[in-house]
2 protein chains.
Amino acid sequence: MQLAEAKLKFIETWGKLGSEWGINRTMAQVHALLLITPDALTTEEVMEQLKISRGNANMTLRDLINWGLIEKQHRAGERKEYFYAQKDTWEIARRVAEERKKRELDPVLKVLGELSAIEGDMKDPAFKTFKTSVTDMHKLTKNINRTLDTMLKAEENWFWGSIFKIFK
Amino acid sequence: MQLAEAKLKFIETWGKLGSEWGINRTMAQVHALLLITPDALTTEEVMEQLKISRGNANMTLRDLINWGLIEKQHRAGERKEYFYAQKDTWEIARRVAEERKKRELDPVLKVLGELSAIEGDMKDPAFKTFKTSVTDMHKLTKNINRTLDTMLKAEENWFWGSIFKIFK
DNA sequence: TTAAACTTTCAAATATTATTGAAAATATAT
DNA sequence: ATATATTTTCAATAATATTTGAAAGTTTAA
């Protein structure tokens with residue numbers, strides 16, 4: 001397989017995975033492109049390589065910056081902006097986990113907390129089942145949240161080094 | 001807040017979380033409904049409560065069965081099928097993780113393995129960056145996969161009991 | 001068998017989400 | 001200031017995903 005072909009395959013694969021994990025396909029593809037490109041690229045170059053419109057490229061690049069996955073670079077004497085990807089994978093995983101936790105898990109946690117606080121008659125099966133399920137789901141979500149928090153605080157070596165040994 | 005209102009809120013919240021995590025909204029809602037309902041429900045009852053069509057209810061219930069999240073119940077002398085949810089949250093988390101791993105992570109792992117095996121000239125920056133990034137992503141994905149595998153094999157108590165203490 | 005009860009299928013309709021492209025806004029050099 | 005390069009916005013459009021509903025299929029009882 002040639003490099004050019006392999007690049008396309010990587011971009012496609014990463015894009016698919018992204019779309020299955022709530023990161024839109026184009027965003028994951030642009031990220032993949034920047035990951036495998038040695039130097040920073042302009043909006044123009046991203047548009048060309050992925051065959052997407054200017055508007056799409058602009059918005060996607062901004063989103064990636066907001067997720068903390070890529071950064072802007074300014075070059076002396078040049079007017080356009082260059083973009084390059086953070087290439088440390090542990091940092092990428094952290095950023096994605098952090099962002100999704102903030103956007104999705106935290107709000108749900110809040111609602112579940114409210115719902116599991118509701119009072120009622122435990123002798124009523126309808127209430128009892130509701131209460132139990134909601135409380136259990138709340139616990140599960142809190143556990144997942146806690147695990148993510150711990151991971152987010154962890155340093156790379158500590159994480160990959162010790163946790164995975166324990167998980168062995 | 002009344003029970004009826006709380007139920008709706010739970011169904012809505014769980015549905016939203018589901019849709020953000022690649023499980024379609026209706027599927028997550030039907031699951032939520034069955035979770036908080038003491039007795040098994042018929043297709044008809046699910047249709048009524050969530051105001052969805054027969055076709056949709058049928059397909060969604062089948063999907064939930066395929067994910068291992070709900071089961072059918074047959075009642076003596078009755079012709080229709082009843083559905084009820086597995087209520088053990090740890091088991092729910094396991095099933096979802098297992099299913100998504102199988103559907104999404106495993107295929108990606110295969111492609112990344114192929115791509116990171118490609119040979120080339122490490123003095124060429126284009127090749128070097130490609131190789132390094134793909135290999136790193138492969139490692140990251142393998143690590144995530146390994147963690148999931150370990151979790152899937154773990155028993156509830158062992159998992160929540162010891163791992164989270166370590167994660168403290 | 002036949003018929004009623006129930007389940008499944010799937011093409012068409014609807015809803016949701018992503019993308020385009022051209023105009024407006026902004027920044028920079030002269 | 002003015003022209004030019006570059007970025008941003010967003011209504012219109014396109015692509016994708018979900019839902020409907022009615023017809024076809026299946027099962028069971030008599």
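Just so it is clear: chains get the letters A, B, ... in the order the sequence lines come, proteins before strands, and each one is counted from 1. Nothing here was measured: the structure is a model prediction, and the numbers come from that model.
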Has A:Thr26 got a side-chain N or O lying under 4.0 Å from the OP1 or OP2 atom of C:dT19? yes
Given atom CE of B:Met59 and atom C1' of C:dT7, what is their separation to the nearest angstrom? 12 Å
Assess whether salt bridge (Lys or Arg N to Asp or Glu O under 4.0 Å) is satisfied between B:Glu104 and B:Arg100, documenting all intermediate values. CA-CA 6 Å; B:Glu104 295 151 17; B:Arg100 302 207 62 188; 2.9 Å; yes
What's the CD-C1' distance between A:Glu78 and D:dT7, to the nearest Å? 16 Å
Indicate if B:Leu8 and B:Leu34 have the same hydrophobic cluster label, given that clusters are the connected sets of ILVMFWY residues with side-chain heavy-atom separations under 4.5 angstrom. no
What contact category does A:Glu44 fall into here, base, sugar-phosphate, or nothing, at under 4.0 angstrom with non-hydrogen atoms? nothing
Heavy atoms under 4.0 Å, any strand shown: does A:Arg62 hit a base, just sugar-phosphate, or nothing? sugar-phosphate
May I ask you to say what A:Asn56 touches in the nucleic acid, namely base, sugar-phosphate or nothing, with a heavy-atom cut-off under 4.0 Å? base
Would you tabulate the pairs of protein nitrogen or oxygen atoms and nucleotide nitrogen or oxygen atoms of nucleotides 26-30 of chain D closer than 3.5 angstrom?
residue: D:dT27; atom: O2; partner: B:Arg79; partner atom: NH2; Å: 3.0
residue: D:dT28; atom: O2; partner: B:Arg79; partner atom: NH2; Å: 3.3

Taking the side chain as C-beta and beyond, is there a heavy-atom pair between B:Phe83 and B:Thr43 under 4.5 Å? yes
In terms of hydrophobic clusters joined by side-chain contacts under 4.5 Å, are A:Val134 and A:Leu109 together? no
The side chain of A:Lys80 lies closest to which of these nucleotides: D:dT6, D:dT19, C:dT8? D:dT6
When rounded to whole Å, the CZ to P distance for the pair A:Arg54 and C:dA24 reads 17 Å
Would you mind reading off the distance between A:Asn58 atom CG and C:dA22 atom P, rounded to a whole angstrom? 16 Å
Starting at the 5' end of DNA chain D, which residue's closest nucleotide do you reach first, A:Tyr82 or B:Met27? A:Tyr82
Expressed in angstrom and rounded to an integer, what is the separation of B:His74 atom NE2 from C:dC6 atom C1'? 12 Å
Provide, to the nearest angstrom, the distance between the CD1 atom belonging to A:Ile52 and the P atom belonging to C:dA18. 14 Å
Pick the closest DNA chain D nucleotide for A:Arg25 and for A:Thr43 by heavy atoms, then say which residue is nearer the 5' end. A:Thr43
Are side-chain heavy atoms of B:Ile92 and B:His31 found at a separation under 4.5 Å? yes
If you find the nucleotide of DNA chain C closest to B:Gly55 and the one closest to B:Ser19, which residue's nucleotide is nearer the 5' end? B:Gly55
Quick one: does A:Val108's side chain get under 4.5 Å of B:Lys16's, heavy atoms only? no
Any non-hydrogen side-chain atom of A:Thr129 less than 4.5 Å from a side-chain atom of B:Asp39? no
For A:Phe130 and A:Phe127, take the angle between the two ring planes, folded into 0 to 90°, and tell me which bin it lands in: parallel under 30, tilted 30 to 60, perpendicular over 60. tilted
Nucleotide C:dT14, atom P - distance to CG of B:Asn24 in whole Å: 20 Å
Rounded to whole angstrom units, what separation is found between the CG atom of B:Leu61 and the P atom of D:dT18? 16 Å
So, applying side-chain hydrogen bond (donor to acceptor under 3.5 Å, both in side chains) with A:Glu81, which one of A:Gln73, A:Lys72, A:Arg75 is it? A:Lys72
So that I can compare with my own list, what are the stems of DNA chain D, taken as at least three consecutive Watson-Crick or G-U pairs with distances under 3.5 Å? C:1-30 with D:1-30
Taking only Lys NZ, Arg NE, NH1 and NH2, and the carboxylate oxygens of Asp or Glu, determine whether B:Glu119 and B:Lys131 approach each other closer than 4.0 Å. no
